[in-house]
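Heavy-atom basis, side chains included; hydrogens, waters and symmetry copies ignored.
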Amino acid sequence: MRIRHLRYFLVVAEELSFSRAATRVHIEPSPLSRAIKELESELGTRLFHRIQGRIRLTWAGEVFQEEARHVLMRMDGARARVHAAARGFRGRLRIGLADNLAQPRLTRLLACCREEEPLTEIKIVEMTVSEMVKALDHDQIDAGFTVHTEPGSRLIKEVVWTDRPAIAIPRNHPLLSLDKIPLREVARHPLILCHPERCSGGHDVIRNWFCAPTLPSLNVAEYVSGHEPMMMLVAAGYGIGVGLSSQATLYKHSDVIIRPVTDDVPSTATVIAMLDKPPSDELARFIARALQVGAAPTIC
């Protein structure tokens, strides 16, 4: 079984069209179709239904699609490890990053790792929470950061730091008369919130803040994938943004004022999630540094 046949199959499975798939892989449709038929012959089963010029995956094809992805990911991972070894790295960590958690403490953590353990390559992979759980199950990452309260029942979650909620408010907005913003006041205005799928951890955290029956139903003006587009929409007057203090500070905008919420709203924990098994030495040291950064923000 040739690697390029697996790549051809995955493109055809995505496009469900030999002509479009052929354009993507830069060959003619006829040799692409022959490559798929060779693959089907080798596997002893049909991967596609071909009906009146249209194609769709068979059940066997759907199963093979998932397996082919795993094979290619492992091949790409092996290639990356070899290249890293050739550049002098002795170890590696693959870290998932969900909920768009690009914040100063994570930057500080990665800088500490490069300073204290330069021969360990650290690869950061952005993903959703559901993708993170699957990636951990299939050994595609070693651990992942999220603010999701339950990223997976089979996983170990360790809190590495906490963050305060923050409200992003346009200039000249009436809420600016308050030093700290109560949630009941926030809920009276159109809101810019984290997207429920692309940023599910942040979305669930914010929804939990507003779950009290005494609060009005939320008026969501827009969903966004992270704090950067949130600040842009707040500055444009679409609504007020709800997020985390460190993120709002990182993406500050001249036309947006950041206010803290009242003290009755709980802080949000960032956790590092991993499989329930002994961590590698590199991962154990990485987690220890994360806990250091969380406990003493001035480190490094």
message: A side-chain contact here means heavy atoms from C-beta on lying under 4.5 Å apart; do Val242 and Trp209 qualify?
response: yes
message: Using side-chain heavy atoms (C-beta onward) and a distance below 4.5 Å, is Leu39 in contact with Tyr8?
response: no
Sidechain N-carboxylate O distance under 4.0 Å for Glu116, Arg285: no
field: salt bridge (Lys or Arg N to Asp or Glu O under 4.0 Å) contacts touching residues 25-40 (sequence neighbours left out)
entry: Glu40-Arg50
query: With side chains defined as the heavy atoms from C-beta onward, is the minimum distance between Leu218 and Ile206 less than 4.5 Å?
result: no
query: Ile240 pairs by side-chain contact (heavy atoms from CB on, under 4.5 Å) with which of Ile257, Leu175, Ile181?
result: Leu175
- line: So ring pair (Phe, Tyr, Trp, His ring centres under 6.0 Å) across residues 36-55, not counting sequence neighbours, yields Phe9-Phe48
query: Passes salt bridge (Lys or Arg N to Asp or Glu O under 4.0 Å), Glu185 versus Arg188? Steps please.
result: CA-CA 5 Å; Glu185 294 296 332; Arg188 292 174 180 166; 2.9 Å; yes
query: Is the backbone N or O of Ser254 less than 3.5 Å from a side-chain atom of Arg171, with the two atoms forming a donor-acceptor pair by type?
result: yes
task: State, yes or no, whether a side-chain contact exists between Leu155 and Leu275 at a heavy-atom distance under 4.5 Å.
output: yes
field: Exam field: side chain Arg114 to backbone Ile122, donor-acceptor pair closer than 3.5 Å
entry: no
task: Apply the test side-chain contact (heavy atoms from CB on, under 4.5 Å) to residues Thr23 and Glu15: give CA-CA distance (whole Å), side-chain angles for both, the deciding distance (0.1 Å), then the verdict.
output: CA-CA 10 Å; Thr23 300; Glu15 296 290 347; over 6 Å; no
Nearest atoms (heavy-atom pairs only) where Gly202 meets Val147: N-CG2, 3.5 Å
message: Test question: given the 4.5 Å side-chain rule for I, L, V, M, F, W and Y, name all other residues clustered with Ile51, or answer none.
response: none
- prompt: Is there a side-chain contact between Thr58 and Phe64 (heavy atoms, below 4.5 Å)?
  reply: no
- request: Determine yes or no for a side-chain-to-main-chain donor-acceptor pair under 3.5 angstrom, with Arg92 supplying the side chain and Glu282 the backbone.
  value: no
message: With a sphere of 6.0 Å drawn around CD of Glu62, does it hold more than 12 non-hydrogen atoms of other residues, nucleotides or ligands?
response: yes
message: So which atom in Pro266 and which in Pro165 form the shortest heavy-atom distance, rounded to 0.1 Å?
response: O-CG, 3.5 Å
- request: In sequence, state the C-alpha distance, the side-chain angles, and the governing distance for Leu97 and Leu106, and then conclude on side-chain contact (heavy atoms from CB on, under 4.5 Å).
  value: CA-CA 10 Å; Leu97 187 62; Leu106 185 57; 3.5 Å; yes
task: Might you work through the side-chain contact (heavy atoms from CB on, under 4.5 Å) test for Thr262 and Leu183, ending with a clear yes or no?
output: CA-CA 8 Å; Thr262 48; Leu183 290 184; 5.7 Å; no
Review item, side-chain donor-acceptor pairs of residues 224-234, under 3.5 Å, at least two apart:
unit_1, atom_1, unit_2, atom_2, d
His227, NE2, Leu244, N, 3.0

Gap between atom CG of Asp142 and atom CG of Leu93 - 0.5 Å precision: 5.5 Å
- prompt: Are side-chain heavy atoms of Leu10 and Arg69 found at a separation under 4.5 Å?
  reply: yes
Taking every non-hydrogen atom, the tightest pair across Val12 and Ala21: CG2-CB, 3.7 Å
message: Testing the basics here: between Phe18 and Leu32, what is the closest heavy-atom pair and its distance to 0.1 Å?
response: O-CD2, 3.6 Å
Shared hydrophobic cluster for Ile36 and Val63 (ILVMFWY, side-chain gaps under 4.5 Å): no
- request: Mind checking the CZ-CG spacing from Arg105 to Asp163? Nearest 0.5 Å is all I need.
  value: 5.0 Å
message: Checking the side chain of Ser177 only, and the main-chain atoms of Pro174 only, is there a donor and an acceptor separated by less than 3.5 Å?
response: yes
- request: Please answer whether the main-chain N or O of Gln140 pairs with a side-chain N or O of His138 as donor and acceptor at a distance below 3.5 Å.
  value: no
query: Considering all heavy atoms of both residues, which atom of Arg56 and which atom of Leu16 are nearest to each other, and what is their separation?
result: CA-CD2, 3.9 Å
query: Going by heavy atoms in the side chains, are Tyr223 and His203 under 4.5 Å from each other?
result: yes
- prompt: In Å, rounded to the nearest 0.5 Å, how long is the span from NE2 of His70 to NZ of Lys134?
  reply: 8.5 Å
query: What's the shortest heavy-atom distance between Ala168 and Val256, and which atoms?
result: CB-CG1, 3.7 Å
query: Does atom CZ of Arg2 have more than 12 heavy-atom neighbours from other groups under 6.0 Å away?
result: no
message: Considering only residues two or more places apart or on different chains, which pairs with a residue in residues 256-276 satisfy salt bridge (Lys or Arg N to Asp or Glu O under 4.0 Å)?
response: Lys180-Asp263
message: How long is the straight-line distance from CG of Leu283 back to CD1 of Ile272, given to the nearest 0.5 Å?
response: 6.0 Å
message: One pair to check against side-chain contact (heavy atoms from CB on, under 4.5 Å): Glu42 and His5. What are the steps and the verdict?
response: CA-CA 11 Å; Glu42 186 167 352; His5 285 181; 5.6 Å; no
Give every donor-acceptor pair under 3.5 Å between a side-chain atom in residues 123-132 and any protein atom, sequence neighbours left out.
unit_1, atom_1, unit_2, atom_2, d
Thr128, OG1, Ser130, OG, 3.2
Thr128, OG1, Glu131, N, 3.2
Thr128, OG1, Glu131, OE1, 3.4
Glu131, OE1, Thr128, N, 2.9

query: Can you tell me if CZ on Phe210 sees more than 12 non-hydrogen neighbours from other groups inside 6.0 Å?
result: yes
statement: SG (Cys211) and CG (Asp204) are apart, to the nearest 0.5 Å, by 11.5 Å
- prompt: Can you tell me how far the NE2 atom of His148 sits from the SG atom of Cys199, to the nearest 0.5 Å?
  reply: 10.0 Å
Check: Ile3 and Arg7 side chains under 4.5 Å, non-hydrogen atoms: yes
